[in-house]
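These notes concern the structure reproduced below.
Each chain gets a letter, A, B and so on, in the order its sequence line appears, and its residues count up from 1. Quick note: numbers below take in every heavy atom, side chains included, and nothing from hydrogens, waters or symmetry partners. No experiment lies behind these values; they were computed from the predicted model shown.
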Amino acid sequence: MRYWLMKSEPGVVGIDHVLAMPNQTVDWWGVRNYQARNFMRDQMSVGDKVFFYHSNCPEPGIAGLAEVAKRAYPDRTQFDPASHYFDPKSTPENPRWVNVDVRIVRKTRLVSLAELRKQSRLEHMRVLQRGNRLSITPVDPGEWKYICEKLMGEGA
DNA sequence: GCCAACGTTGGC
DNA sequence: GCCAACGTTGGC
């Protein structure tokens with residue numbers, strides 16, 4: 001079992017949107033970066049733990065706990081000509097982009113990016129590294145535990 | 001809105 | 001295969 005941080009823009013799909021969906025589950029469509037895609041395709045399994053992160057918004061940070069609910073399968077938006085994420089080079093026989101399903105476990109208090117940066121324990125956390133733009137990053141088990149227990153006051 | 005950082009594209 | 005130009009991300 002692995003740990004991840006997945007970024008979503010709350011103006012597009014925020015944690016409250018997902019909580020309002022059936023089974024509090026969303027397909028993680030729209031990833032168009034090969035490294036992030038490969039994490040989903042090659043490394044994510046059902047039950048992996050996920051920090052649901054709000055990005056590109058007034059208060060960026062971790063907004064809740066989630067988990068992988070379904071293994072990677074083709075991203076529906078790549079086949080939709082009306083979608084911003086349409087990829088003409090992609091076919092159902094040979095799809096280029098995939099996504100997993102993510103289910104919200106629980107909303108937490110917002111642990112802001114600024115607060116994360118203040119923690120010396122987290123100085124090596126992938127998402128905090130200079131220039132990082134990956135929308136999906138692995139999280140070390142120790143970092144996961146620290147954030148859940150020390151910052152959220154929850155059992156991991 | 002700015003801009004640093006990084007990824008992708010395409011000419012050669 | 002190099003690399004300049006361009007596009008995107010995302011914090012601030």
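Atoms CG (A:L128) and C1' (C:dT9) sit 16 Å apart, rounded to a whole Å. Rounded to whole Å, the distance from CD on A:Q129 to P on C:dG11 is 15 Å. Distance A:L116 CG to C:dC12 P: 11 Å, rounded to the nearest Å. If you measure from atom CD1 of A:I62 to atom P of C:dG11, you get 12 Å, rounded to the nearest angstrom. Rounded to a whole Å, the CD1 atom of A:I136 is 14 Å from the C1' atom of C:dT9. Distance, A:E115 CD to C:dG11 P: 15 Å, rounded to whole Å. Rounded to an integer number of Å, the gap from A:R32 CZ to B:dT9 P is 13 Å. Nucleotide C:dT9 holds its C1' atom 16 Å from the CZ atom of A:R126, rounded to whole Å.
The ring-ring contact (aromatic ring centres under 6.0 Å, His included) check on A:Y85 picks up A:W29, with sequence neighbours excluded. In terms of the ring-ring contact (aromatic ring centres under 6.0 Å, His included) criterion, residue partners of A:F51 (sequence neighbours excluded) are, by chain and number, A:W144. Partners of A:N56 by side chain to side chain donor-acceptor pair (under 3.5 Å), not counting sequence neighbours, listed by chain and number: A:E9. For A:F39, the ring-ring contact (aromatic ring centres under 6.0 Å, His included) partners at least two apart in sequence or on another chain are A:W4.
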Got a list of protein N/O to nucleotides 3-8 of chain C N/O distances below 3.5 Å?
residue : atom : partner : partner atom : Å
C:dT8   : O2   : A:R133  : NH1          : 2.5

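Toward the 5' end of DNA chain C, the nearer of the two residues A:Y85 and A:A114, judged by each one's closest nucleotide, is A:Y85.
For residues 59-82 of chain A, there are no ring pair (Phe, Tyr, Trp, His ring centres under 6.0 Å) pairs, not counting sequence neighbours.
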Could you go step by step and tell me if A:E115 and A:R109 meet the salt bridge (charged side-chain N to carboxylate O under 4.0 Å, His left out) rule? CA-CA 12 Å; A:E115 184 175 356; A:R109 80 174 181 89; 2.7 Å; yes

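OP1 or OP2 of C:dT9 has not a single side-chain nitrogen or oxygen of A:K7 nearer than 4.0 Å.
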